[in-house]
Enquirer: 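Submitted below is the structure of interest, expressed as structure tokens.
Lettering of chains follows the sequences in order, A, B, ..., and the numbering in each one begins at 1. Since this is a predicted model, take the numbers as computed values, not measurements.
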There are 2 protein chains.
Amino acid sequence: MRMTPQRQLVLDAVRELEHATPEQICQQVQRTAPTVNITTVYRTLELLEKLSLVRHTHLGHGAPTYSVDEHEHVHLVCHRCGRVNEVPCSLLDGLSARLSADTGFRLDASHLALSGTCQVCVNEEENL
Amino acid sequence: MRMTPQRQLVLDAVRELEHATPEQICQQVQRTAPTVNITTVYRTLELLEKLSLVRHTHLGHGAPTYSVDEHEHVHLVCHRCGRVNEVPCSLLDGLSARLSADTGFRLDASHLALSGTCQVCVNEEENL
DNA sequence: ATAGCTGCAAACGGTTTGCCTCACA
DNA sequence: TGTGAGGCAAACCGTTTGCAGCTAT
């Protein structure tokens, strides 16, 4: 494996943007290297993921978002407004232990999105 | 709104199949009404969802899966083999309360997929 | 010389749109 | 007779593939 300029730029972009889609990452990379193709971005993300340098999360519909691997937290996705909040993974410790004991399922807390309604939307709904 | 034959068939298919993609639902419908178009399936699913008769869940990559609304449980998606296990929503009660208290986020337990590694895959990994 | 990385274009899967036709209140 | 439901084809977005050219060993 060679750390080519393109790959470095993709990794930098993931680091800077946090939760960015391949499309957004590509745009960011193209600000310094306009000829970089989105195909390269996809291939690089796949590679970086195999190397455990980045990870991706499906936040519901649309494209997945990529983050650097150290970026560990749980995503709370509001299905009403689309906002994404983050909370520490430790909130899942109890559930994780429970699942493991009951079903043997090993929860991956950082690669995770929980859906529901965020506080803002809950308030808005109550004011109707 | 009119409960047309097509719409009834789509609803029946969702009920029978559980966790089916629009594509699968379409195939099921076409077994009794071969001319029904996938466009109609999409439009009907959207409609049924607005009426809270069905709901959809994103189980990771690929197409979402649809279930009838009463079908309430948490999906455990194994990111190694793709298997989907189900556990009762009550397992999330603690987390739900915690999230609500800490952040005001109202968790929708039934519209939810948790990712991780299933017991089978955990065992396989340990036997390497 | 060779392996492997890149760009481009084309194919792909899943979904949405526009439009025209049809059925039904 | 007018509103809305369905079918079809085309557009669409996100992603993957095949291939040809280039680059660094």
Side-chain angles (χ1 to χ4, degrees), chain A residues 1-14 17 19-51 53-67 75 77 79 82 84 111 113, chain B residues 1-14 17 19-51 53-67 77 79 82 84 111 113 115:
Chain A
M1 207 282 286
R2 289 165 43 215
M3 198 54 172
T4 65
Q6 287 94 332
R7 290 176 176 173
Q8 187 61 55
L9 286 170
V10 169
L11 182 52
D12 290 349
V14 172
L17 297 177
H19 306 132
T21 63
E23 190 76 43
Q24 294 168 328
I25 291 165
C26 189
Q27 282 170 17
Q28 172 77 3
V29 168
Q30 287 178 341
R31 288 170 58 174
T32 51
T35 71
V36 171
N37 196 275
I38 189 147
T39 304
T40 302
V41 173
Y42 277 106
R43 285 196 276 235
T44 302
L45 288 172
E46 192 186 347
L47 176 71
L48 295 177
E49 192 148 25
K50 269 197 197 115
L51 298 174
L53 292 174
V54 308
R55 68 169 72 239
H56 78 270
T57 309
H58 294 272
L59 298 182
H61 357 24
T65 62
Y66 286 78
S67 306
H75 303 97
V77 185
H79 54 211
V84 179
H111 178 91
Chain B
M1 206 281 286
R2 288 165 44 212
M3 198 52 171
T4 65
Q6 288 92 333
R7 290 177 175 169
Q8 187 61 56
L9 286 170
V10 169
L11 182 53
D12 291 347
V14 172
L17 297 176
H19 307 131
T21 63
E23 189 77 41
Q24 294 168 328
I25 292 166
C26 190
Q27 282 171 18
Q28 172 77 4
V29 168
Q30 288 178 342
R31 288 171 57 174
T32 52
T35 69
V36 171
N37 197 274
I38 190 148
T39 305
T40 302
V41 173
Y42 277 107
R43 286 196 275 233
T44 302
L45 288 172
E46 192 187 348
L47 176 71
L48 295 176
E49 193 148 25
K50 269 196 196 117
L51 298 174
L53 292 174
V54 309
R55 67 170 71 240
H56 78 270
T57 310
H58 294 271
L59 297 181
H61 354 23
T65 62
Y66 286 78
S67 305
V77 185
H79 52 211
V84 179
H111 179 91
S115 67

Enquirer: Could you tell me the separation between the CD atom of A:Gln8 and the C1' atom of C:dC5, rounded to a whole number of Å?
Expert: 16 Å
Enquirer: Say whether, by atom type as modelled, one donor and one acceptor occur between the side chain of A:Gln24 and the main chain of A:Thr21 under 3.5 angstrom.
Expert: yes
Enquirer: Determine yes or no for a side-chain-to-main-chain donor-acceptor pair under 3.5 angstrom, with B:Arg7 supplying the side chain and B:Arg2 the backbone.
Expert: yes
Enquirer: Can you check the A:Glu46 CD to D:dT15 P distance for me, whole Å?
Expert: 12 Å
Enquirer: Which sits closer to the 5' end of DNA chain C, B:Ala63 or A:Val36, going by the nucleotide each is nearest to?
Expert: A:Val36
Enquirer: Could you state the atom-to-atom distance from CG of A:Leu9 to P of C:dC5 in whole Å?
Expert: 16 Å
Enquirer: Closest nucleotide of DNA chain C for B:Tyr42 versus for A:Thr44: which of these residues is on the 5' side?
Expert: A:Thr44
Enquirer: Strictly distance-based, threshold 3.5 Å: is any side-chain N or O of B:Thr40 a donor or acceptor partner for the main-chain N or O of B:Val36?
Expert: no
Enquirer: Taking 4.0 Å as the cut-off, does a side-chain nitrogen or oxygen of B:Thr35 come that near to OP1 or OP2 on D:dG7?
Expert: yes
Enquirer: Looking only at the side chain of A:Thr39 (C-beta and beyond, no hydrogens), which of the listed nucleotides D:dT17, C:dC5, C:dG14 gets closest?
Expert: D:dT17
Enquirer: Looking at A:Thr4, I'd like to know whether one of its side-chain N or O atoms comes within less than 4.0 Å of OP1 or OP2 on C:dC5.
Expert: no
Enquirer: What is the separation between atom CD on B:Gln30 and atom C1' on D:dG6, rounded to the nearest whole Å?
Expert: 13 Å
Enquirer: Between atom NE2 in B:His61 and atom P in C:dT15, what is the gap in whole Å?
Expert: 15 Å
Enquirer: I need the CG-P distance between B:Leu45 and C:dT16, as an integer number of Å.
Expert: 10 Å
Enquirer: Looking only at atom types and distance, does a side-chain atom of A:Glu49 sit under 3.5 Å from a main-chain N or O of A:His56, one as donor and one as acceptor?
Expert: yes
Enquirer: Establish, with yes or no, whether the OP1 or OP2 oxygen of D:dG6 is under 4.0 angstrom from a side-chain nitrogen or oxygen of B:Asn37.
Expert: no
Enquirer: Quick one: A:Ile38 CD1 to D:dT16 C1', roughly how many Å, whole number?
Expert: 12 Å
Enquirer: Tell me: CD of B:Gln6 to P of C:dC22, nearest whole Å?
Expert: 15 Å
Enquirer: Tell me whether the rings of A:His19 and A:His75 are parallel (<30°), tilted (30 to 60°) or perpendicular (>60°).
Expert: perpendicular
Enquirer: Is B:Arg7 close enough to D:dA5 that one of its side-chain N or O atoms is under 4.0 Å from OP1 or OP2 there?
Expert: yes
Enquirer: Just call it for A:Pro5: base, sugar-phosphate, or nothing, with non-hydrogen atoms closer than 4.0 Å on any strand.
Expert: nothing
Enquirer: Both A:Arg43 and A:Thr21 contact DNA chain D. Taking the nearest nucleotide for each, which residue is further toward the 5' end?
Expert: A:Thr21
Enquirer: Tell me whether the OP1 or OP2 atom of D:dG7 has a side-chain N or O from B:Thr40 closer than 4.0 Å.
Expert: yes
